[in-house]
Q: 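Could you have a look at this structure, given as structure tokens, before my questions?
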Amino acid sequence: MLKRIAILGSTGSIGKNALRVIDSLNSLLVTRDSSLEREKTRYEIVALTAHSNVELLAEQARRYKPRFVAVTDADYVEQLRKLTGGLDVEILGGPGSLIEIAELEGVDVVLTAVVGAAGLGAVLAAAKKGKTLAIANKEPFVIAGELLTKTAKENSAQLLPVDSEHSAIFQAMQSGRREEVNKIILTSSGGPFRKMSIEEIQNVTLEQALSHPVWDMGTKITVDSATMMNKALEIIEAHWLFDMAVDKIEVLIHPESIVHSLVEFVDGSVIAQLGRPDMCLPIQYALTYPERVAGIGERLRLEEIGKLTFEKPNFETFRALSLGFEVARTGGTAAVVFNAANEAAVQEFLAGKIKFVRIVELIEHCLNKHNVKISVTLEELLEADAWARKEVLELAYSV
Ligand code: NDP
Ligand code: MG
């Protein structure tokens, strides 16, 4: 069998890991899995995209020989053309190129690994075309979860989670029927500031926020993990992805990041998925689903880990978490504002222009000022997104 793959955001942390996983899947020595009596699947890379890192994109194009490469920042198209000179590859450019790639006839699986709401159009386009989506890019789910799940359903597009918690829930859910699920429990490492009080967190630095104790990820999600906005976004992602009432979603702090999430069934059984904190495993499962094949990661040895600990989240220091639950309950444009304000504020924080604690303050200001609309069109979602970004900049610099 052949699976033809497009990776949106191949130069990022998830994108690079996905290429490693695909290398490993294609290099599995057996051509036929004798114990399982099935043919080996080959993974062909049809398209790769980057935003501006054309050096790496060109290097990936030389190695994987995709038929298409796209760079969403149009200023880099010419440079990419020069860097890929001599290769038989079609070059696309500009923000719309992501959608063109997502819609390609010759693509079966679209792995969405771009960062932020920028991936929304492409995710929707892939769902409309009935593709299988391996979803790492959680922000489109947060802002347009209802529209996305509806579009996927109408067009028989399969939505497979890559986010480790959602992959864990997806796997644990296979232990029973959907109506037998009582609640889901998302785990969180707690990030670098897990033990801090409100007072202590006031003066943390960018460098501290970027030093995640467990996971090695892109900068935006690393900051989101420090504020716990990442978990807040994941609550909303889980709500839509698993059609789960917000009151049936819980968060548990688990600093070792070995138990990736849990599902409690009506009889009281709790089923969890465990693994080392390595994104290659959930990426691989989304690509090989419904099958499992040998993985590249090191095996989990619980005797080496010794102890797994769990604690309640600190809602006082991590206001983002409470806001996440509130926004998930409210729905509509609240989630759009929540996400867009965060993206804008994180950008300012990464540029060294605002303090860490200002990120969640700005998000809360925007939420308080916003008039939520519940049943909304895509245009209205985008309008709310643009409003929140502008609002953050105005608030951040008006003293
Ligand atoms: P990175 O910042 O490492 O990579 C982002 C990718 O998206 C890069 O290829 C980048 O291109 C591209 N990109 C950046 N901006 C745009 C844009 N405006 N339009 C199109 N493409 C763009 O992010 P991560 O890999 O860490 O995260 C990707 C997504 O996966 C996020 O939504 C994150 O929340 C989610 N995720 C990530 C995890 C992780 O372990 N990293 C775990 C779970 C979820 P360029 O390199 O040229 O800038
Ligand atoms: Mg996650």
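These numbers come from the heavy atoms of this one structure, side chains and all, not from hydrogens, waters or symmetry mates. Because the structure is predicted, anything quoted here is derived from the model rather than measured. Every number for a ligand or one of its atoms is a count from 1 in the order of the listing.
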Q: May I have all residue pairs that pass salt bridge (Lys or Arg N to Asp or Glu O under 4.0 Å) and include part of residues 332-353, sequence neighbours excluded?
A: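 Counting only pairs at least two positions apart or across chains, the salt bridge (Lys or Arg N to Asp or Glu O under 4.0 Å) contacts touching residues 332-353 are Glu343-Arg389.
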Q: Go through the side-chain N and O atoms of Thr205 and Gln208 and say whether any donor and acceptor fall under 3.5 Å apart.
A: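 Judged by distance alone, the side chains do pair up.
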Q: Between Phe318 and Phe193 (judged by ring centroids, cut-off 6.0 Å), do the two rings come close enough to count as a pair?
A: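 Ring-ring flag for Phe318/Phe193: false, centres at least 6.0 Å apart.
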Q: May I ask you to decide whether Lys3 forms a salt bridge with Glu44, counting only side-chain N to carboxylate O separations under 4.0 Å?
A: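 Not counted as a salt bridge, because no side-chain N and carboxylate O are separated by less than 4.0 Å.
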Q: For Ala113, counting its heavy atoms only, list the atoms of ligand 1 lying under 4.0 Å from any of them.
A: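 It comes down to these atoms of ligand 1: 5 (C), 6 (C), 7 (O), 28 (C).
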Q: Run the numbers for me: atoms of ligand 1, each under 4.0 Å from some heavy atom of Gly12, listed by number.
A: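 The list of qualifying atoms is 1 (P), 3 (O), 4 (O), 8 (C), 9 (O), 25 (O).
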Q: Nearest 0.5 Å please: distance from the NZ atom of Lys16 over to the CG atom of Leu56.
A: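 Here the rounded value is 6.0 Å.
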Q: When you look for heavy atoms under 4.0 Å from ligand 1, do you find them on the side chain of Lys220, its backbone, both, or neither?
A: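 It is neither; nothing of Lys220 touches ligand 1.
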Q: Give the residue and atom name of whichever protein heavy atom lies nearest to atom 26 (O) of ligand 1, and the separation in Å to one decimal.
A: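 Checking every protein heavy atom, the shortest distance to atom 26 (O) of ligand 1 gives Gly218 N, 2.9 Å.
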Q: Below 4.0 Å, non-hydrogen atoms only: which portion of Val115 touches ligand 1? Side chain, backbone, both or neither.
A: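 Near ligand 1, Val115 shows its backbone as well as its side chain.
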Q: Just grab all the ring-ring contact (aromatic ring centres under 6.0 Å, His included) pairs involving residues 55-81, residues at least two apart or on different chains.
A: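 Every candidate ring-ring contact (aromatic ring centres under 6.0 Å, His included) pair involving residues 55-81 fails, so no pair, neighbours aside, qualifies.
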Q: Under 3.5 Å, side chain of Ser52 to main-chain N/O of Asp73, donor-acceptor pair present?
A: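 Absent.
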Q: Centres of the Tyr289 and Phe170 rings: under 6.0 Å?
A: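 Yes, they do, as the ring centres are separated by less than 6.0 Å.
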Q: Using a 4.0 Å cut-off to any heavy atom of Met279, which atoms of ligand 1 qualify?
A: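 Answer, ordered by atom number: 40 (O), 42 (C), 43 (C).
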Q: What about Leu57 and Leu104, same hydrophobic cluster or not, with Ile/Leu/Val/Met/Phe/Trp/Tyr joined at side-chain heavy-atom distances under 4.5 Å?
A: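 Leu57 and Leu104: separate clusters.
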Q: Just need the protein heavy atom nearest to atom 43 (C) of ligand 1, so name the residue and atom and give the distance.
A: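 Ranked first by proximity to atom 43 (C) of ligand 1 is Asp163 OD1, 3.1 Å.
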Q: Closer than 2.8 Å to the Mg ion (ligand 2), which protein N, O or S atoms?
A: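 For the Mg ion (ligand 2), the protein N, O and S atoms that sit under 2.8 Å away are Asp163 OD1, Glu165 OE1, Glu234 OE2.
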Q: Check whether Arg358 reaches the backbone of Ala345 with its side chain - one donor and one acceptor, N or O, closer than 3.5 Å.
A: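 The answer is no, because no donor-acceptor pair under 3.5 Å joins these two groups.
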Q: Which heavy atom of the protein is the closest neighbour of atom 35 (C) of ligand 1, given with residue, atom name and distance?
A: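 For atom 35 (C) of ligand 1, the nearest protein heavy atom is Ala136 O, 3.2 Å.
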Q: Please determine, by modelled atom types, if Asn230 and Lys138 share a side-chain donor-acceptor pair under 3.5 angstrom.
A: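 Distance-only check passes for Asn230 and Lys138.
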Q: Among protein heavy atoms, which sits nearest to atom 34 (O) of ligand 1, and what does the distance come to when rounded to 0.1 Å?
A: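 Ranking protein heavy atoms by distance from atom 34 (O) of ligand 1, first comes Lys138 CE, 3.3 Å.
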Q: Any side-chain donor-acceptor pair under 3.5 Å between Glu380 and Thr377?
A: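 Their side chains do contain a donor-acceptor pair, which is all the 3.5 Å distance test asks for.
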Q: Both conditions, 6.0 Å and 45 degrees, for the charged tip of Arg292 above the ring of Tyr285: are they met here?
A: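 The answer is yes, since Arg292 meets both limits relative to Tyr285.
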Q: Using a 3.5 Å cut-off on N or O atoms only, is Ser13 in polar contact with ligand 1?
A: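 Such a contact does occur with ligand 1.
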Q: Are any of the N or O atoms of Asn137 closer than 3.5 Å to those of ligand 1?
A: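 So ligand 1 has an N or O lying under 3.5 Å from an N or O of Asn137.
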Q: Using a 4.0 Å cutoff against the non-hydrogen atoms of Ala50, which atoms of ligand 1 qualify?
A: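 Numbered from 1, ligand 1 contributes 11 (O), 47 (O).
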Q: In the protein, which heavy atom is nearest to atom 36 (N) of ligand 1, and how far is it?
A: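 Sorting protein heavy atoms by distance from atom 36 (N) of ligand 1 puts Ile221 CD1, 3.6 Å first.
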Q: Which residue pairs satisfy the salt bridge (Lys or Arg N to Asp or Glu O under 4.0 Å) criterion with at least one member in residues 207-232, sequence neighbours excluded?
A: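 Checked against salt bridge (Lys or Arg N to Asp or Glu O under 4.0 Å) - neighbours excluded - the pairs reaching residues 207-232 are Glu139-Lys220, Glu165-Lys231, Lys220-Asp224, Lys231-Glu234.
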Q: Below 3.5 Å, N or O to N or O, backbone or side chain included: is there any such pair between His51 and ligand 1?
A: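 There is such a contact, yes.
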Q: Quick one: look up the protein heavy atom nearest atom 32 (O) of ligand 1 and list residue, atom name and how far away it is.
A: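 Looking only at protein heavy atoms, the one closest to atom 32 (O) of ligand 1 is Glu139 OE1, 2.7 Å.
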Q: Could you check whether any side-chain N or O of Thr84 sits under 3.5 Å from a backbone N or O of Leu87, counting only pairs where one atom can act as donor and the other as acceptor?
A: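 No, because the side chain of Thr84 does not come within donor-acceptor range (under 3.5 Å) of the backbone of Leu87.
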Q: Out of all atoms in ligand 1, which are within 4.0 Å of some heavy atom of Ser52? Include the element for each.
A: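 Going through ligand 1 atom by atom, the ones under 4.0 Å from Ser52 are 45 (P), 47 (O).
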Q: Within the 4.0 Å heavy-atom shell around Ala118, which atoms of ligand 1 are there?
A: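 Going through ligand 1 atom by atom, the ones under 4.0 Å from Ala118 are 17 (C), 18 (N), 19 (N).
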Q: Would one find an N or O of Thr11, backbone or side chain, under 3.5 Å from an N or O of ligand 1?
A: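 Yes - when backbone and side-chain N and O of Thr11 are compared with those of ligand 1, one distance drops under 3.5 Å.
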Q: Is there a nitrogen or oxygen of Asn53 sitting under 3.5 Å from a nitrogen or oxygen of ligand 1?
A: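 Checking ligand 1 against Asn53, an N or O pair does fall under 3.5 Å apart.
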Q: Going by heavy-atom distance to atom 29 (C) of ligand 1, choose the closest among Thr72, Leu98, Val114, Ile14.
A: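 Checking each option, the heavy atom nearest atom 29 (C) of ligand 1 is found in Val114.
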Q: For ligand 1, which atoms have a heavy atom of Met217 less than 4.0 angstrom away?
A: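 By the 4.0 Å cutoff, the relevant atoms are 39 (C), 40 (O), 41 (N).
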Q: Between Glu200 and Ser197 (side chain of the first, backbone of the second, donor and acceptor by atom type, cut-off under 3.5 Å), is there such a pair?
A: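 Judged by distance alone, yes, a pair lies under 3.5 Å.
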